[in-house]
Amino acid sequence: MKNHVVVDPITRIEGHLRIEARTNDAGAIEHAMSSGTMVRGIEIILRGRDPRDAWAFAQRICGVCTLVHGIASVRAVEDALKYKIPRNAQLIRNLMIAAQYVHDHVMHFYHLHALDWVDIVSALKADPKATSELAQSISSYAKSSPGYFADVQKKVKTFVEQGQLGIFANGFWGHSEYRLPPEANLMAVAHYLEALAWQRDVVKIHAIFGGKNPHPNFLVGGAPAPISTSPTGAPGGAAATSVNIVALQEIRNVISKMMTFVDQVYVPDTLAIASFYKDWFKRGEGVGNFLTYGDFPEKGMDDPSSWLIPGGVILNRDLTKIHPVDLNDPSQIEEFVAHSWYDYGPGKQKGLHPYVGETQLAYSGPKPPYEALDADKSYSWLKAPRWKGNVVEVGPLARVLMLYAKGHKPTKDLATYALKTLDLPLEAMFSTLGRTAARTLETKIIGDQMKVWLDNLIANIKGGDVSVHNAERWDPSTWPAECKGVGFMEAPRGALAHWIVIKNRKIDNYQAVVPSTWNAGPRDPKGQPGPYEAALMDRHTLANPEQPLEIQRTIHSFDPCIACAVHVVDPDGAEVMQIKVR
Ligand code: NFE
Ligand code: MG
């Protein structure tokens, strides 16, 4: 087939994603398909288990958004059992989720997305002195001397000269669509390396509250971190391994260091790089519908007025009307498999609400390996979730728009500042770079809030409350014979929920509908493309189909995670990196 571009797997993401696009003779994308090419079965593994153990299995859905499935899982069980958790546990969870955001977003920007905009080989031509001047003109970050940039350049030069690009291999270096001057490229490469070192500190927050990272510990009914008011730990007591004032002070130090990098490096770099690519604020929107479930309760998940991020749906870019979301309403959230490699009991064209959702890996139709995907048939291991039949985008852009629409002042101020700096209207947010910028903005908004949650936690402890776990519903004999619940949260990549049905104290059904499923899913029975597909069909022209950099830019702007989206890797799935143009 002429003008048929296949990117499989698309690199620098978690898991296996295949993108196929058809272009016209001028290189414009006219048709796009997004396909998850690995199979997982965690929802099936969970059946028959003790609901209190579910989080430990569910959490292994992913090692990138390492804690989010743990949180969604304990919240699902708590919702089913009408289980209240102590305020300290709520605040600890907020701090852990927020630390995940900041870590994940910075890592995504520098390590998974920046090289779509930054040409590492061009950095070799930069003048370290001019790079230092550029860096100092946009930020007060301390590491910005000519000597520092000269050292970084030497390091990169050694990689390139020895032909050992390693983590930088497989780039489209020298592509005509790279537009940064060599100095901006060198600055960004320096910060790529800095961010690798920086992230080691951030994960300490998870280690202190959850014992380790990745995959910190959780507990149905609270948090697994006992709080002690003794700074040293009493002999034979639990304090030595508990959260005390020394540990809380360390959390404060980590937040402070973490946010210095966000304020002085991540935010200015995003704006500086974006200023060279302003046309990318005009393409890659796709559907224009956005969904959030809401998160970061100051009080409880049952009190939405206390959430930092509100829940709701925005349709057709209309920020004046927020539609309420009800996760228990079978007519609102449904998953479709009409174009997925799954069957459904009631028929392949039907949508199923997650309480009655099915994960049938024994699909009877044609499956991979494949040469070319067919949009009229099944073509993905992802399902297609819909809200009242609408395709919706989830993630940082949805959240920032929701905060903006609700008049959240720090969001309004920050968005106004960013748009003014770039001389762009609000509509610019509905785009590939709008999505990338929204991720940076919410890192700042949520990161800043961490100090408030930490202060509130310390004040609560000082007030005499050291409770972190409510044991009231721990004993299964207190549970009803049958119950069900939904646990939701805002994961870094967007709205995440787990639905659980408990019968005779065991898990009867468990369904996870995950952010990257919402965004990367295939067409639905009505033929409506998913958000990735729609975004690629929104004003993309490939300058060089052999090097489809434009596809990477827009797909990476969503920060794909296919491990999450398909929730045991197919042992027969051969890993091949191929970019085919036919
Ligand atoms: Ni594997 Fe995840 C996040 C979840 S993906 S990264 O954020 O849930 O969509
Ligand atoms: Mg699922």
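Just so it is clear, the values below take in all heavy atoms, side chains as well, and ignore hydrogens, waters and symmetry mates. Counting starts at 1 for both ligands and their atoms, in listed order.
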Only heavy atoms of P492, strictly under 4.0 Å: list the atoms of ligand 1 that pass.
7 (O)

I need the atoms of ligand 1 closer than 4.0 Å to a non-hydrogen atom of V68, numbered in the order shown.
4 (C), 8 (O)

Tell me whether A512 has at least one N, O or S atom under 2.8 Å from the Mg ion (ligand 2).
yes

N/O/S atom of E335 inside 2.8 Å of the Mg ion (ligand 2), strictly under
no

protein heavy-atom neighbour closest to atom 9 (O) of ligand 1 works out as S516 N, 2.7 Å

How long is the span from the CH2 atom in W341 to the OG atom in S35, to the nearest 0.5 Å?
4.0 Å

Against heavy atoms of R493, which atoms of ligand 1 measure under 4.0 Å?
3 (C), 5 (S), 6 (S), 7 (O), 9 (O)

Just heavy atoms, cut-off under 4.0 Å: does A563 contact ligand 1 by side chain, backbone, both, or neither?
neither

Treating N217 as the side-chain partner and P224 as the backbone partner, does any N or O pair qualify as donor plus acceptor under 3.5 Å?
no

For E43, what is the atom name of its N, O or S atom nearest to the Mg ion (ligand 2)?
OE2

Close side-chain approach of M402 and I322, heavy atoms under 4.5 Å:
yes

State the atoms of ligand 1, each with its element, that fall below the 4.0 Å cut-off from a heavy-atom position in V514.
4 (C), 5 (S), 8 (O), 9 (O)

Could you check which of H69, Q100, H108 puts a non-hydrogen atom nearest to atom 8 (O) of ligand 1?
H69

Over 60° means perpendicular and under 30° means parallel, so tell me whether H69 and H498 are parallel, tilted or perpendicular.
parallel

Per-atom contacts of ligand 1 with C62, taking only distances under 4.0 Å to non-hydrogen atoms:
1 (Ni), 6 (S)

For ligand 1, does E14 get within less than 4.0 Å through its side chain, its backbone, both, or neither, judged by non-hydrogen atoms?
neither

Under the criterion side-chain hydrogen bond (donor to acceptor under 3.5 Å, both in side chains), I'd like the reasoning laid out for H113 against T436: C-alpha separation, chi angles, the key distance, then a yes or no.
CA-CA 9 Å; H113 196 25; T436 296; 2.9 Å; yes

The atoms of ligand 1 lying under 4.0 Å from a heavy atom of P515, numbered in the order shown, are 4 (C), 8 (O), 9 (O)

For the residue pair Y532 and F558, does the interplanar ring angle fall in the parallel (under 30°), tilted (30 to 60°) or perpendicular (over 60°) class?
tilted

Show the atoms of ligand 1 that are less than 4.0 angstrom away from any heavy atom in C561.
1 (Ni), 5 (S), 6 (S)

Output yes when a side-chain donor or acceptor of H353 lies under 3.5 Å from a complementary backbone atom of L327, and no otherwise.
yes

Compute both the distance and the angle, then confirm whether R317 meets the cation-pi test with F430: under 6.0 Å from the six-membered ring centre, within 45 degrees of the axis.
yes

Once the angle between the rings of H103 and W198 is folded into 0 to 90°, is it parallel (under 30°), tilted (30 to 60°) or perpendicular (over 60°)?
parallel

Is a side-chain N or O of Q59 found less than 3.5 angstrom from the main chain of A56, in a donor-acceptor match?
no

Checking only N/O/S atoms, does C65 have one that is under 2.8 Å from atom 2 (Fe) of ligand 1?
yes

Of the backbone and side-chain N, O or S atoms of C564, does one lie nearer to atom 2 (Fe) of ligand 1 than 2.8 Å?
yes

